[in-house]
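Some notes on the structure that comes next.
Residue numbers begin at 1 in each chain, while the letters A, B, ... track the order of the sequences.
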Amino acid sequence: SAVISQKPSRDICQRGTSLTIQCQVDSQVTMMFWYRQQPGQSLTLIATANQGSEATYESGFVIDKFPISRPNLTFSTLTVSNMSPEDSSIYLCSVVGSGWGETQYFGPGTRLLVL
Amino acid sequence: AQSVTQLGSHVSVSEGALVLLRCNYSSSVPPYLFWYVQYPNQGLQLLLKYTSAATLVKGINGFEAEFKKSETSFHLTKPSAHMSDAAEYFCAWGGGSQGNLIFGKGTKLSVKP
């Protein structure tokens with residue numbers, strides 16, 4: 001497994017602004033993902049963060065709204081751009097390491113409230 | 001498309017009673033299946049996973065799950081509920097080409113004293 005941290009843990013933002021969420025892992029991992037968990041809902045995959053290349057987005061999510069970076073094998077960022085109250089959610093990163101067999105481990109999440 | 005169905009968005013049991021949380025999946029591909037738990041204001045913690053090595057999978061905190069291919073089910077059980085088990089539980093399917101997980105809607109477990 002791995003120790004995964006996210007910053008910030010929570011934030012309250014004004015509509016129209018942007019927030020960048022960081023995900024840091026204590027070891028190199030092969031895959032990193034970003035999920036959204038809207039209030040009272042399950043997790044929905046936003047995108048796969050690809051090291052050194054553009055992220056792969058799921059249907060309904062676009063790069064302009066959720067730009068993602070992954071400069072190395074232990075770090076990724078997700079930006080929520082031009083926020084609206086509908087973006088109020090928990091954002092979680094998850095990772096898969098070599099030999100873990102599809103098992104994803106999750107960070108503690110970033111709780112975002114947009115006013 | 002693959003999907004995961006969790007029957008019952010909310011399950012309530014008494015302390016010491018059997019916990020049964022239901023999960024069914026739809027896929028023609030032998031899957032990886034997972035159960036995660038989310039305590040209030042926390043991220044997801046892996047409880048257990050099925051990877052075809054054994055149909056009965058034991059996890060942490062006394063939980064176990066049985067994979068039944070004929071029923072496309074992967075129900076989570078615990079013989080005796082504890083107050084600390086109160087949380088939300090998610091069943092997830094893995095094994096797609098993208099490497100991502102497909103989650104059920106979750107079941108919130110309440111434990112009454």
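- Taking chain B as the reference chain and counting heavy-atom pairs below 4.5 Å, the highest number among A/P108, A/G109, A/G107 is found for A/P108.
- Proximity to chain A involves both the backbone and the side chain of B/L44, based on heavy atoms less than 4.5 angstrom apart.
- Side-chain polar atoms of A/T77 and A/T20 form no donor-acceptor pair below 3.5 angstrom.
- With a 4.5 Å cut-off on non-hydrogen atoms, A/L43 touches chain B through its backbone and its side chain both.
- Ring-centre distance between B/F90 and B/Y36: not below the 6.0 Å cut-off.
- With 3.5 Å as the limit, one finds a donor-acceptor pair spanning the side chains of A/Q37 and B/Q38.
- Considering B/L76, B/L7, B/L21 as possible partners of B/T107, the one that fulfils the side-chain contact (heavy atoms from CB on, under 4.5 Å) test is B/L21.
- Contact of A/Q6 with chain B is not made at all, since no heavy-atom distance falls under 4.5 Å.
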